[in-house]
Amino acid sequence: MSGDWIALVIAFGSVLFASIMMRRGTQIGSMTLLALVVFAIGGFLRGYFRGAPAEQATYGDRAVSQLEASWMHFMNLQAGTLLAYFIAFMVLILVLFSLRSVISR
């Protein structure tokens with residue numbers, strides 16, 4: 001994460017969504033993966049809507065170029081960085097799930 005506020009809001013939104021969708025504590029792995037996928041989709045949409053359209057480019061061209069850029073960014077991630085994202089998202093989901101469980105009782 002580059003430290004910008006929009007990326008942090010997208011990340012927290014995806015973690016919040018996953019913690020709301022989680023019904024049991026044993027779903028933590030799949031919910032963490034869901035949160036990472038939602039975060040990736042949010043980052044793709046952010047890049048798509050943020051970029052200024054070229055004069056001759058269609059919306060499909062913008063989507064394809066953004067998808068290629070996002071894929072290249074993902075492929076350049078090191079395994080340690082991806083693992084750090086997974087662990088951070090997992091911990092945040094567990095904290096929010098625990099808070100929700102305590103409040104609902």
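Basis for what follows: all heavy atoms, side chains included, without hydrogens, waters or symmetry-related copies. Numbers here are sequence positions counted from 1. Model, not experiment: these values are computed from the prediction.
- A distance of 5.5 Å separates CZ of Arg46 from CD1 of Ile10, quoted to the nearest 0.5 Å.
- Applying the side-chain contact (heavy atoms from CB on, under 4.5 Å) criterion to Ile87, with sequence neighbours excluded, gives Leu83, Val91.
- Closest approach of Ser101 to Ser104, counting heavy atoms only: O-OG, 3.1 Å.
- Between Met21 and Arg100, the shortest heavy-atom distance links the atoms N-NH1, 4.4 Å.
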Output a table of donor-acceptor pairs, distance under 3.5 Å, between side-chain atoms of residues 28-36 and any protein atom two or more places apart or on a different chain; print 'none' if there are none.
| residue | atom | partner | partner atom | Å |
| --- | --- | --- | --- | --- |
| Ser30 | OG | Gln27 | O | 3.1 |
| Thr32 | OG1 | Ile28 | O | 2.7 |

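- Of all heavy-atom pairs spanning Phe89 and Ala11, the tightest one is CZ-CB, 4.0 Å.
- Contact of the Ser98 side chain with the Val95 side chain is not registered, since no non-hydrogen atoms from C-beta on lie closer than 4.5 Å.
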